[in-house]
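Here the structure is laid out as structure tokens; the discussion comes afterwards.
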Amino acid sequence: MARRRISVLYSGRVQGVGFRYACKSVAMGFDVIGTVRNLPDGRVELVAEGEKIELEEFRQAIRDEGMSRLIQIEEIDWSEATAEFRGFEIIR
């Protein structure tokens, strides 16, 4: 199967609540690589690569980790993987 890239912009109460750390923790249970970072406008950007089904399950697991109550909007964009990541990192 081809690896894919998912980019998700999370809006809501997603900064200052451990959202990025939860994403990194959840990522350890999946075969995904990528980054998560806070944006200046209050959103959080998640970019991850892996098999599409794995990425979909990863995204749901973030919500199941207790983050769904903090998320108001998820803007999702799919594209081809670029293989630029080595692991899953929090960008500060």
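- Residue pairs meeting the side-chain hydrogen bond (donor to acceptor under 3.5 Å, both in side chains) criterion with at least one partner in residues 83-92, sequence neighbours excluded, are Arg5-Glu84, Tyr21-Arg92, Thr82-Glu84.
- With a 4.5 Å cut-off on side-chain heavy atoms, Phe88 and Val36 count as touching.
- Using a 4.5 Å heavy-atom cutoff, the side chains of Trp78 and Ile6 are in contact.
- In this structure, Leu70 and Tyr10 have side chains that are not in contact, with every pair of non-hydrogen atoms separated by 4.5 Å or more.
- Between Val26 and Ala61, the shortest heavy-atom distance links the atoms CG1-CB, 3.6 Å.
- Between the side chain of Gln15 and the backbone N or O of Leu39, at least one donor-acceptor pair lies under 3.5 Å.
- Counting heavy atoms from C-beta outward, Glu51 and Arg4 have side chains that stay 4.5 Å or more apart.
- Between Glu56 and Lys52, some side-chain heavy-atom pair lies under the 4.5 Å cut-off.
- Between Val44 and Met67, every side-chain heavy-atom pair lies at or beyond the 4.5 Å cut-off.
- Environment of CZ in Arg13: sparse, with no more than 12 heavy atoms of neighbouring residues, nucleotides or ligands closer than 6.0 Å.
- Ile33 and Ile90 are not part of a single hydrophobic cluster, where members link through side-chain heavy atoms under 4.5 Å apart.
- Taking hydrophobic clusters as Ile, Leu, Val, Met, Phe, Trp and Tyr residues chained together by side-chain heavy-atom distances below 4.5 Å, Leu9 does not share a cluster with Val47.
- What you find for Glu49 and Ala83 is that their closest heavy atoms are OE1-N, 3.0 Å.
- Put simply, Ile76 and Leu55 are part of the same group of oily side chains (I, L, V, M, F, W, Y) that touch within less than 4.5 Å, one to the next.
- From Ile73, atom CD1 reaches atom CZ of Arg43 across 9.5 Å, with rounding to the nearest 0.5 Å.
- The shortest distance between side-chain heavy atoms of Ile62 and Leu46 falls below 4.5 Å.
- Ring-plane geometry between Phe30 and Phe58 is classed as tilted, the angle between the planes lying from 30 to 60 degrees on a 0 to 90 degree scale.
- Every residue two or more places apart in sequence or in another chain that forms a salt bridge (charged side-chain N to carboxylate O under 4.0 Å, His left out) with Arg59 is listed here: Glu74.
- With sequence neighbours left out, the ring pair (Phe, Tyr, Trp, His ring centres under 6.0 Å) criterion links Phe85 to no other residue.
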